[in-house]
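To start, the structure itself, in structure tokens.
Heavy-atom basis, side chains included; hydrogens, waters and symmetry copies ignored. Order of listing sets the numbers, starting from 1, for every ligand and every atom in it. What you see is a predicted model, and the numbers here were worked out from it, not measured in a lab.
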Amino acid sequence: MQEITLIRPEHFAEVHTIEELCFSEPWSERSLGLLCEGENFGIAALVDGRVAAYGGMTCVLDEGSVTNIATHPDFRRRGLASAVLSAMLCEAEKRGIENIFLEVRASNDAARDMYLKAGFCELGVRRGFYRHPTEDAIQMAYRKN
Ligand SMILES: CC(C)(COP(=O)(O)OP(=O)(O)OC[C@H]1O[C@@H](n2cnc3c(N)ncnc32)[C@H](O)[C@@H]1OP(=O)(O)O)[C@@H](O)C(=O)NCCC(=O)NCCS
């Protein structure tokens with residue numbers, strides 16, 4: 001059974017496991033607490049009650065910034081990240097967030113394609129933005145309409 005829900009502290013351990021599987025510089029369980037602070041939020045896709053994909057957004061006034069989106073390697077290509085992203089855009093709209101930004105590794109064709117399909121556009125390149133390995137970021141933006 002699949003469910004889309006706001007991330008709560010009890011999800012942090014499973015989210016952290018996915019972080020470690022997906023990123024060279026994973027967020028610690030403690031840093032994930034940021035997603036439950038202030039106006040920030042995270043969305044998780046649960047499969048049979050366990051986190052299979054998630055995404056986070058930090059929010060200041062009417063601006064949102066996507067932190068990470070990732071799907072556990074065992075659950076990829078099933079539409080889970082798209083479902084998480086779509087739920088994040090809905091939640092942002094409910095919270096009055098009008099402009100959403102993100103950075104993505106230039107070589108990450110899968111994620112770039114996913115964001116373009118969700119309605120993001122590419123704004124430009126931030127040279128040497130990432131470490132481990134060093135790589136440029138593509139900055140993307142989403143504006144409703
Ligand atoms: C990128 C990522 C989040 C996609 O997760 P997913 O749940 O498999 O994605 P979905 O099934 O919802 O696919 C959404 C779209 O992304 C693109 N996509 C996803 N995986 C892809 C792949 N291996 N190759 C090419 N395009 C891909 C496609 O456009 C896909 O749409 P489609 O199914 O209509 O072709 C996942 O591969 C991942 O966790 N990667 C590691 C972490 C990461 O790079 N996160 C993004 C940077 S913040």
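- Closest to atom 39 (O) of ligand 1, if we only count protein heavy atoms, is Thr71 N, 2.9 Å.
- The protein atom (non-hydrogen) at minimum distance from atom 33 (O) of ligand 1 is Arg77 NH2, 3.4 Å.
- In terms of protein heavy-atom proximity, atom 12 (O) of ligand 1 is nearest to Ser82 OG, 2.7 Å.
- Residue pairs meeting the side chain to side chain donor-acceptor pair (under 3.5 Å) criterion with at least one partner in residues 32-42, sequence neighbours excluded, do not occur; the list is empty.
- For a threshold of 3.5 Å applied to N or O pairs, the pair formed by Asn108 and ligand 1 contains at least one separation below that value.
- The backbone N or O of His132 lies less than 3.5 Å from a partner atom in the side chain of Ser24, making a donor-acceptor pair.
- In terms of protein heavy-atom proximity, atom 32 (P) of ligand 1 is closest to Lys117 NZ, 3.3 Å.
- Below 3.5 Å of separation, one finds an N or O of Gly79 facing an N or O of ligand 1.
- Under a 4.0 Å N-O distance rule, the pair Glu25/Arg131 does not qualify as a salt bridge.
- Separating the CD atom in Glu29 from the CD atom in Glu20 is a distance of 9.0 Å, to the nearest 0.5 Å.
- For atom 16 (O) of ligand 1, the nearest protein heavy atom (residue, atom name, distance) is Met114 CB, 3.3 Å.
- Closest to atom 2 (C) of ligand 1 among all protein heavy atoms lies Ala81 CB, 4.4 Å.
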Which pairs would a plain distance check flag for residues 44-60, meaning a side-chain donor or acceptor within less than 3.5 Å of a matching protein atom at least two apart in sequence or in another chain?
unit_1 : atom_1 : unit_2 : atom_2 : d
Asp48  : OD1    : Met1   : N      : 2.5
Tyr54  : OH     : Glu19  : OE2    : 2.5

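- Across the listed options Arg78, Arg112, His72, Arg76, Arg76 owns the non-hydrogen atom lying nearest to atom 37 (O) of ligand 1.
- Between the CZ atom of Arg112 and the CE atom of Met140 there is a distance of 7.0 Å, given to the nearest 0.5 Å.
- Evaluated for a side-chain contact (heavy atoms from CB on, under 4.5 Å) with His11, the options Leu35, Thr5, Leu32 yield exactly one hit, Thr5.
- The closest approach between Ile69 and ligand 1 falls below 4.0 Å for a heavy atom of the residue.
- Under a 3.5 Å cut-off, the side chain of Glu91 and the backbone N or O of Phe41 do not form any donor-acceptor pair.
- Of the polar atoms of Val104, none of the N or O atoms is found under 3.5 Å from an N or O of ligand 1, judged by distance alone.
- Among all non-hydrogen protein atoms, the one lying nearest atom 17 (C) of ligand 1 is Ala110 O, 3.4 Å.
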